[in-house]
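What follows is one structure encoded as structure tokens, with my remarks underneath.
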Amino acid sequence: MFARLGFSVAAHVDSDILFVDEVLSVGDYAFQRKCLERMTQVIAGGTTVIFISHNLRAVGNLCGRSLLLRHGAVTMIDRTSEVLKKYLQGEERRTLQSDRTLEITNVVVKGREGPSVEFESGDKILVTLEVRALARHDDISVVIQITDDQAYPLFDTCTDRLGRAPLTLDAGQRLTVTFEIEAALAEGTFHVSGYLFRYTTNSPYDKWANAATFFVSGAPAVRGSVNLRPRLVSCELLQGDNSEALASARG
């Protein structure tokens with residue numbers, strides 16, 4: 001309640017610069033949306049807003065330019081889309097294990113114009129996994145999984161289920177697999193995990209959880225995780241009272 005009151009007071013004061021620090025970490029969905037709407041109005045009125053947050057979707061929707069800090073030092077100042085890419089690349093990087101002989105080396109999310117982290121609901125998304133083998137392996141299936149920001153699985157598929165026979169890689173070979181999916185999702189933050197799986201033994205060769213992250217916007221009328229493309233078919237207000245007609249029929 002203190003945070004809500006503080007933001008309400010600050011957002012309605014006529015100031016040149018407004019600092020907003022993690023206000024979206026409190027309150028319900030309606031309050032958070034009101035905060036974003038009010039900050040958009042303040043910016044349109046000429047006020048400079050310094051928005052400090054770990055809510056990357058809100059940063060992407062609100063800020064034209066962003067500053068990235070790591071351990072208190074400025075890493076990057078640029079357009080928000082470029083800063084988000086830099087931030088997510090740093091978070092996704094992992095150390096490849098020297099004892100693993102079949103592994104995922106890279107996971108890239110792309111849009112129409114190349115690698116991207118921001119999409120509109122309904123956009124086509126390309127997810128590419130790069131794989132390398134240091135020894136021969138067979139019966140390989142490449143799997144992708146999409147989870148929401150609470151790590152709840154929303155969708156997964158694999159090369160086997162999409163009609164590709166189990167794969168075989170010899171030592172030194174590399175493989176690139178690209179899946180096309182539709183972002184039939186509501187607004188939010190989503191994560192891509194990659195797996196190399198052997199179904200005959202029901203065991204993974206390799207897995208990379210939360211290998212990539214992307215954001216979806218453009219569905220303000222939808223809440224939840226998915227977008228089922230709702231439309232209003234009818235909304236009729238019935239006028240008058242049918243009691244006279246009903247009494248006549250009974251008589």
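In this structure, Phe197 shares a hydrophobic cluster with Val143, Tyr195, Tyr199, the cluster being traced through Ile, Leu, Val, Met, Phe, Trp and Tyr side chains under 4.5 angstrom apart.
The closest side-chain heavy-atom distance from Glu180 to Thr178 is not below 4.5 Å. At least one side-chain heavy atom of Thr128 sits under 4.5 Å from a side-chain heavy atom of Thr176. Within the 4.5 Å cutoff, the side chain of Thr213 has heavy atoms near those of the Thr189 side chain. Using a 4.5 Å heavy-atom cutoff, the side chains of Thr48 and Asp16 are not in contact. Here the side chains of Leu62 and Ile43 are in contact, with some heavy-atom distance below 4.5 Å. In this structure, Ser121 and Val222 have side chains that are not in contact, with every pair of non-hydrogen atoms separated by 4.5 Å or more. Taking the side chain as every heavy atom from C-beta outward, Val59 and Val83 never approach each other to under 4.5 Å. The closest side-chain heavy-atom distance from Ser217 to Glu120 is below 4.5 Å.
Residues Val74 and Phe51 fall into different hydrophobic clusters, defined by Ile, Leu, Val, Met, Phe, Trp and Tyr side chains chained together at heavy-atom separations under 4.5 Å. Two different hydrophobic clusters hold Ile104 and Leu126 under the rule that ILVMFWY side chains link at heavy-atom gaps under 4.5 Å. Phe119 and Val108 sit in two unconnected hydrophobic clusters of ILVMFWY residues. Membership requires side-chain heavy atoms under 4.5 Å apart, directly or through other members.
We find the NZ-OG distance between Lys110 and Ser116 to be 12.0 Å, quoted to the nearest 0.5 Å. We find the CG-CZ distance between Asp148 and Phe190 to be 7.0 Å, quoted to the nearest 0.5 Å. In this structure, Cys158 SG and Phe179 CZ are separated by 7.0 Å, a value rounded to the nearest 0.5 Å. One finds the CH2 atom of Trp208 at 9.5 Å from the CD atom of Glu103 (value rounded to the nearest 0.5 Å). Atom NE2 of His137 sits about 10.0 Å away from atom CG of Asp206, to the nearest 0.5 Å. Rounding to the nearest 0.5 Å gives a distance of 10.5 Å between CG of Leu67 and OG1 of Thr80.
Smallest separation of non-hydrogen atoms from Leu134 and Arg100: CD1-O, 3.7 Å. Considering all non-hydrogen atoms of both residues, Pro153 and Gln145 come closest at CB-NE2, 3.7 Å. Scanning all heavy atoms of the two residues, the minimum distance from Asp160 to Ala165 falls at OD1-C, 4.3 Å. Of all heavy-atom pairs between Leu154 and Leu185, the closest is CD1-CD2, 4.2 Å. Contact record, Asp139 with Thr200: OD2-OG1, 2.5 Å, taken as the closest heavy-atom pair. Phe214 approaches Val216 most closely through the heavy-atom pair CE1-CG2, 3.8 Å.
Atom CG of Asp170 sits in a crowded spot, with more than 12 heavy atoms from other residues, nucleotides or ligands closer than 6.0 Å. More than 12 heavy atoms of other shown residues, nucleotides or ligands fall within 6.0 angstrom of atom CZ in Arg229.
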Working for side chain to side chain contact (heavy atoms under 4.5 Å, CB included), residues Asp156 and Arg161:
CA-CA 10 Å; Asp156 69 68; Arg161 277 177 261 156; 2.8 Å; yes
Could you walk me through whether Ser193 and Asn210 pass side chain to side chain contact (heavy atoms under 4.5 Å, CB included), step by step?
CA-CA 5 Å; Ser193 297; Asn210 299 332; 4.1 Å; yes
For a side chain to side chain contact (heavy atoms under 4.5 Å, CB included) check, start with the C-alpha distance between Val177 and Val131, then their side-chain angles and the critical distance, and finish with the verdict.
CA-CA 8 Å; Val177 179; Val131 180; 5.7 Å; no
Starting from the C-alpha separation in whole Å, work towards a yes-or-no answer on side chain to side chain contact (heavy atoms under 4.5 Å, CB included) for Thr168 and Ile140.
CA-CA 6 Å; Thr168 297; Ile140 305 167; 5.9 Å; no
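Proximity of a side-chain donor or acceptor of Thr159 to a complementary backbone N or O of Val142 within less than 3.5 Å is detected. Without hydrogens or angle criteria, Glu187 side chain to Ala219 main chain gives a donor-acceptor distance under 3.5 Å.
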